[in-house]
Amino acid sequence: MTGTAENVSISYSTWRDDDMSTSQETARSLPWTKEVTTKGFTKGGSLSITLGESGGKVVCSVTVDDDAPRTATASGAFANASCSGF
């Protein structure tokens with residue numbers, strides 16, 4: 001994830017065995033990156049980014065294996081960008 005936003009709320013899918021759950025983090029500044037390794041991968045993952053009161057801009061991208069990346073962009077106070085269905 002890249003951009004100019006600060007204090008960005010991040011929610012993303014994680015997998016353990018065949019169970020999917022959601023993890024949350026806050027990025028005080030960008031860029032932010034996370035690599036998740038899975039076993040028994042289940043389709044339906046998501047990455048959601050919510051900007052704070054100060055706004056800014058964020059571009060997120062999710063790549064699974066060698067598939068084309070899924071991307072989304074958001075800008076402005078409390079805007080949201082979401083990549084899903086991977």
Side-chain angles (χ1 to χ4, degrees):
M1 171 178 2
T2 60
T4 60
E6 296 178 349
N7 298 316
V8 177
S9 297
I10 305 161
S11 176
Y12 57 93
S13 300
T14 56
W15 291 265
R16 177 163 286 164
D17 298 321
D18 290 328
D19 295 324
M20 183 169 51
S21 61
T22 302
S23 292
Q24 297 182 332
E25 296 185 31
T26 299
R28 296 194 188 283
S29 62
L30 301 177
W32 178 87
T33 186
K34 182 81 167 186
E35 183 173 328
V36 178
T37 303
T38 66
K39 182 178 179 183
F41 180 72
T42 303
K43 293 279 186 178
S46 66
L47 169 67
S48 179
I49 295 90
T50 304
L51 282 64
E53 182 178 354
S54 61
K57 180 178 180 179
V58 67
V59 178
C60 67
S61 178
V62 175
T63 304
V64 177
D65 295 328
D66 294 325
D67 293 344
R70 294 181 185 254
T71 61
T73 302
S75 60
F78 306 110
N80 184 274
S82 180
C83 298
S84 61
F86 50 86

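Among pairs with a residue in residues 72-83, those fulfilling side-chain hydrogen bond (donor to acceptor under 3.5 Å, both in side chains) read Ser48-Asn80, Thr50-Asn80, at least two apart in sequence or across chains. For residues 61-74, no pair satisfies salt bridge (Lys or Arg N to Asp or Glu O under 4.0 Å), with sequence neighbours left out. Listed by first then second residue, pairs satisfying salt bridge (Lys or Arg N to Asp or Glu O under 4.0 Å) with a partner in residues 23-32 read Glu25-Lys34, not counting sequence neighbours.
Residue Met20 holds its CE atom at 7.0 Å from OG of Ser46, rounded to the nearest 0.5 Å.
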Using residues 53-64 as the side-chain source, report each donor-acceptor pair under 3.5 Å to any protein atom, sequence neighbours left out, with the distance given to one decimal.
none

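Using a 4.5 Å heavy-atom threshold, the side chains of Ile10 and Leu47 count as touching.
Checked against side chain to side chain contact (heavy atoms under 4.5 Å, CB included), Ser23 has the following partners two or more places apart in sequence or in another chain: Tyr12, Thr14. By the side-chain hydrogen bond (donor to acceptor under 3.5 Å, both in side chains) test, Thr33 is found to be paired with no residue, residues two or more places apart in sequence or in another chain being considered.
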